[in-house]
Q: 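Have a look at the structure that comes next, please.
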Amino acid sequence: MKFFIDTANLSQIREANELGVLDGVTTNPSLMAKEGIQGVENCKKHYVEICNIVDGDVSAEVIATDFAGMIKEGEELAALHPNIVVKVPCIADGIKAIKYFTGKGIRTNCTLIFSPGQALLAAKAGATYVSPFVGRLDDISSDGIELVSKIVDMFTYYGYPTQVLAASIRSTQHIIQCIEAGADVATCPLAAIKGLLNHPLTDIGLAKFLEDYKKVNG
Ligand code: E4P
């Protein structure tokens with residue numbers, strides 16, 4: 001399973017990248033705003049900075065919600081760097097735009113997926129990734145992991161090459177559940193990725209190894 005980090009924060013992206021296991025980055029307009037990045041040109045510069053840190057796919061989301069606007073923005077974003085994946089919302093014009101981008105060889109991530117039907121439309125349009133939002137479904141007492149699992153089964157059954165990118169991951173446990181559900185990618189906050197390292201028996205075992213070493217070697 002691939003790991004993406006879900007942030008526009010450059011120091012967190014660097015820290016995750018230095019672990020050596022990072023496969024990509026996802027951003028969205030809220031994450032860009034959280035870093036205080038204003039205006040189209042500054043957003044573009046920021047995406048290029050991210051691409052220069054991480055050797056992997058970087059999702060950059062369009063702001064337009066009409067077909068012509070999405071095409072214009074998406075083409076500009078894709079031209080910034082070969083690693084850019086154009087992120088498009090799962091609305092009618094978004095599906096049309098994904099179909100257009102697929103024809104042009106531009107890779108896409110269909111975002112805001114909350115049902116298997118939405119994922120099917122995106123896959124049929126040729127999306128590179130679909131992003132089911134796990135945490136936001138859990139927030140409304142639905143089952144986000146179950147959705148990931150249903151989409152994985154559907155794509156496997158019909159042989160769609162579209163990858164399932166589990167998004168809106170809130171915890172380390174969500175990552176484990178995504179592995180069990182067969183997600184191709186999980187995009188996660190840094191804390192959730194680092195949480196995978198934690199095990200008390202690792203800490204106890206390491207302390208004992210060092211203690212025994214010191215007994216003999218001083
Ligand atoms: C990433 O592609 C999504 O935009 C992001 O994971 C949404 O996460 P949130 O539900 O925590 O805002």
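Ligands are counted one by one from 1 in listed order, and the atoms in each one are counted from 1 as well.
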Q: Could you find the nearest protein heavy atom to atom 2 (O) of ligand 1 and give me its residue, atom name and distance?
A: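 Of every protein heavy atom, Lys87 NZ, 2.6 Å lies nearest to atom 2 (O) of ligand 1.
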Q: Evaluate Ser131 for polar contact with ligand 1, using N/O atom pairs at a separation under 3.5 Å.
A: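 No; every N/O pair is 3.5 Å or more apart.
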Q: Could you tell me whether a side-chain N or O of Glu73 sits under 3.5 Å from a main-chain N or O of Ala64, the two making a donor and an acceptor?
A: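 Side chain of Glu73 to backbone of Ala64, a donor-acceptor pair under 3.5 Å: yes, one is there.
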Q: For atom 11 (O) of ligand 1, find the nearest protein heavy atom and state the residue, atom name and distance (0.1 Å precision).
A: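 Nearest protein contact, heavy atoms only, for atom 11 (O) of ligand 1 is Arg170 NE, 3.2 Å.
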Q: Classify the side-chain pair Ser11/Asn9 by whether it contains a donor and acceptor separated by less than 3.5 Å.
A: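 On atom types as modelled, these side chains qualify, holding a pair under 3.5 Å.
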Q: Tell me, yes or no, whether the heavy-atom count around Asp143 atom CG, taken from other residues, nucleotides or ligands under 6.0 Å, exceeds 12.
A: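 Enclosed: over 12 neighbouring heavy atoms sit under 6.0 Å from CG of Asp143.
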Q: Regarding Asp184 and Tyr129, is there a side-chain donor-to-acceptor distance under 3.5 Å anywhere?
A: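 Not at all, the side chains of Asp184 and Tyr129 share no donor-acceptor pair under 3.5 Å.
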Q: Closest non-hydrogen protein atom to atom 8 (O) of ligand 1, residue and atom name please, with distance?
A: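 Its nearest protein heavy-atom neighbour is Ser168 CA, 3.4 Å.
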Q: Hydrogens and angles aside, do Thr187 and Thr26 bring a side-chain donor and acceptor to less than 3.5 Å of each other?
A: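 Thr26 and Thr187 do have a side-chain donor-acceptor pair below 3.5 Å.
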Q: Give me the nearest non-hydrogen protein atom to atom 3 (C) of ligand 1 as residue plus atom name, then the distance to 0.1 Å.
A: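 Here the nearest protein heavy atom works out to Phe133 CZ, 3.5 Å.
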Q: Starting from atom 6 (O) of ligand 1, find the nearest protein heavy-atom neighbour and note its residue, name and distance.
A: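 Going atom by atom, the protein heavy atom closest to atom 6 (O) of ligand 1 ends up being Asp6 OD2, 2.5 Å.
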Q: How far is atom 12 (O) of ligand 1 from the closest protein heavy atom, and which atom is that?
A: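 It is Arg136 NH2, 2.8 Å.
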Q: Identify, for atom 4 (O) of ligand 1, the protein heavy atom at the shortest distance, and state residue, atom and that distance.
A: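 Going atom by atom, the protein heavy atom closest to atom 4 (O) of ligand 1 ends up being Asn28 ND2, 2.7 Å.
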Q: For the pair Glu41 and Lys44, find out whether any cationic side-chain nitrogen is under 4.0 Å from an anionic carboxylate oxygen.
A: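 Counted as a salt bridge, because a side-chain N and a carboxylate O are separated by less than 4.0 Å.
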